[in-house]
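Some notes on the structure that comes next.
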Amino acid sequence: MSRGRRLRSPSVAERIATSGVADKIDRVSTVEQTSASRTIEVLDHGFVRLDDVMADDLSVVNAARVSFARRKEAMDDSDGGLIRFLMRERHGTPFEHNSFRFHVRAPIFVAREWFRHRIGSYNEFSMRYAKATDEFYVPAPEDVRTQVGKPGSYSFEPVDDELAQATRDELAAVYAAAFAAYERLVEQGVARELARAVMPVGAYTEFYWTVNARALMNFISLRAAETAQREIRRYADAVELLFAEHMPVTYEAFVAAGRVSP
């Protein structure tokens with residue numbers, strides 16, 4: 001698969017079937033850690049880790065069937081049809097009775113886009129209380145790109161090797177200078193909450209994100225789209241893998257319905 005392309009079923013299903021083996025998807029590598037915790041490395045220093053999950057396809061079925069005072073202990077073929085109906089007709093609330101808790105490490109500019117998705121709970125690393133990270137996002141040479149066209153109607157093209165490396169060098173130099181300034185200020189007694197102002201948005205941050213499947217599908221539909229920024233698309237691809245792994249019937253219905261959240 002070439003870099004920047006979207007994950008699609010059944011390729012997702014094929015990849016999540018592996019266990020205990022590192023896998024590569026574009027610039028995303030997946031490593032199974034334990035049955036309860038799955039970490040997907042993203043970009044150069046980032047990751048998405050499924051910290052905990054209370055979600056399966058049966059949660060959708062029982063949430064829908066409670067209208068008829070019915071509850072099931074196991075899925076059957078009719079339940080798959082029910083989930084597809086709910087997705088297709090956009091009956092969304094049955095997809096909200098579940099929870100995914102993610103631990104994410106991403107560049108600040110990616111996190112700021114992520115936090116615009118308001119249906120969910122966030123807690124982020126604070127540079128008021130802890131020392132700032134010394135790790136920063138430097139794109140791979142093939143991810144250094146130029147914008148072609150006007151805002152709202154443009155595409156991105158790769159740059160030549162010389163400009164790609166010059167860009168990487170410029171970023172590394174700025175990051176080094178910024179972090180050195182931060183350390184000097186802190187050493188001189190400036191409060192961390194003020195010294196952090198010198199840190200660029202390419203610095204990595206960490207946060208916890210708890211979200212239900214309906215909001216998760218909305219995130220995937222927008223941030224894994226071809227029009228989303230490449231860096232957050234890599235994270236959305238990772239999240240999509242974990243969603244598909246735990247709610248495969250719901251995920252297949254989501255794809256079949258055009259990847260639009262109900």
Working note: Lys131 + Glu183, criterion salt bridge (charged side-chain N to carboxylate O under 4.0 Å, His left out); need CA distance, chi angles, decisive distance, verdict. CA-CA 9 Å; Lys131 181 180 178 180; Glu183 287 194 308; 3.3 Å; yes

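- For Arg116 (side chain) and Glu113 (main-chain N/O), no donor-acceptor pair under 3.5 Å exists by modelled atom type.
- When hydrophobic residues (I, L, V, M, F, W, Y) are linked wherever their side-chain heavy atoms come within less than 4.5 Å, the members clustered with Leu163 are Val144, Val159.
- Rounding to the nearest 0.5 angstrom, the gap separating the CG atom in Asp56 from the CE atom in Met75 is 8.5 Å.
- Separating the CG atom in Asp57 from the CE atom in Met247 is a distance of 5.0 Å, to the nearest 0.5 Å.
- Partner Thr133 forms a side chain to side chain contact (heavy atoms under 4.5 Å, CB included) with one of Arg105, Glu206, Met127 and no other, that one being Arg105.
- The side-chain heavy atoms of Val66 and Arg71, taken from C-beta on, include no pair separated by under 4.5 Å.
- Phe115 pairs by the ring-ring contact (aromatic ring centres under 6.0 Å, His included) definition with Tyr122, Phe207, not counting sequence neighbours.
- Checked against the 6.0 Å centroid threshold, Phe47 and His103 count as a close aromatic pair.
- Listed by chain and number, the residues in a side chain to side chain donor-acceptor pair (under 3.5 Å) with Arg145 are Glu231 (sequence neighbours excluded).
- Remark: Phe95 pairs with no residue by the ring-ring contact (aromatic ring centres under 6.0 Å, His included) rule, at least two apart or across chains.
- Judged purely by atom type and a 3.5 angstrom limit, Arg214 uses its side chain to pair as donor or acceptor with the backbone of Pro262.
- His117 has its side chain within reach of Leu222: a pair of non-hydrogen atoms, C-beta onward, lies under 4.5 Å apart.
- Contact of the Leu242 side chain with the Glu245 side chain is registered, since non-hydrogen atoms from C-beta on lie closer than 4.5 Å.
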Pair Asp79, Lys72 - check side-chain contact (heavy atoms from CB on, under 4.5 Å), show working. CA-CA 10 Å; Asp79 297 321; Lys72 304 186 73 171; 2.9 Å; yes

Applying side-chain contact (heavy atoms from CB on, under 4.5 Å) to Tyr251 and Met87, what does each step give before you reach the verdict? CA-CA 10 Å; Tyr251 175 72; Met87 188 74 68; over 6 Å; no

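- Under the 4.5 Å side-chain criterion, counting only non-hydrogen atoms from C-beta, Pro158 is not in contact with Glu142.
- Between the side chains of Gln165 and Asp169, at least one donor N or O lies within less than 3.5 Å of an accepting N or O.
- Every residue two or more places apart in sequence or in another chain was checked for a salt bridge (Lys or Arg N to Asp or Glu O under 4.0 Å) with Arg192, and none qualifies.
- Using a cutoff of 4.0 Å between basic side-chain nitrogens and carboxylate oxygens, Glu226 and Arg233 are scored as salt-bridged.
- Phe179 and Leu194 fall within a single hydrophobic cluster, where Ile, Leu, Val, Met, Phe, Trp and Tyr side chains are chained together by heavy-atom contacts under 4.5 Å.
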Run the side-chain contact (heavy atoms from CB on, under 4.5 Å) test on Val110 and Arg234 for me, step by step, so that the C-alpha distance in whole Å, both residues' side-chain angles and the decisive distance to 0.1 Å come before the verdict. CA-CA 10 Å; Val110 170; Arg234 301 266 166 75; over 6 Å; no

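- Looking only at side-chain heavy atoms (C-beta outward), Tyr204 and Leu43 come within less than 4.5 Å of each other.
- Rounded to the nearest 0.5 Å, atoms CZ (Arg118) and CG (Asn218) are 11.5 Å apart.
- Residues passing the ring-ring contact (aromatic ring centres under 6.0 Å, His included) test with Phe85 are His91, sequence neighbours excluded.
- The ring pair (Phe, Tyr, Trp, His ring centres under 6.0 Å) test with Phe102 singles out one residue from Trp114, Trp209, Phe243, Tyr235, and that residue is Trp209.
- Linking Ile, Leu, Val, Met, Phe, Trp and Tyr whenever their side-chain heavy atoms come within less than 4.5 Å leaves Val48 and Tyr208 in two separate clusters.
- At distances below 3.5 Å, not a single donor-acceptor pair connects side-chain atoms of Asp51 with backbone N or O atoms of Arg101.
- Atom CZ of Arg259 and atom CD of Glu240 lie 4.0 Å apart (nearest 0.5 Å).
- With values rounded to the nearest 0.5 angstrom, His97 atom NE2 is found 13.0 Å from Leu58 atom CG.
- Under the 4.5 Å side-chain criterion, counting only non-hydrogen atoms from C-beta, Val148 is in contact with Ser155.
- A distance of 8.0 Å separates CD of Glu135 from CG of Asp44, quoted to the nearest 0.5 Å.
- In summary, of the residues considered (Phe136, Tyr137, Tyr182), a ring pair (Phe, Tyr, Trp, His ring centres under 6.0 Å) with Tyr175 occurs for Phe136 alone.
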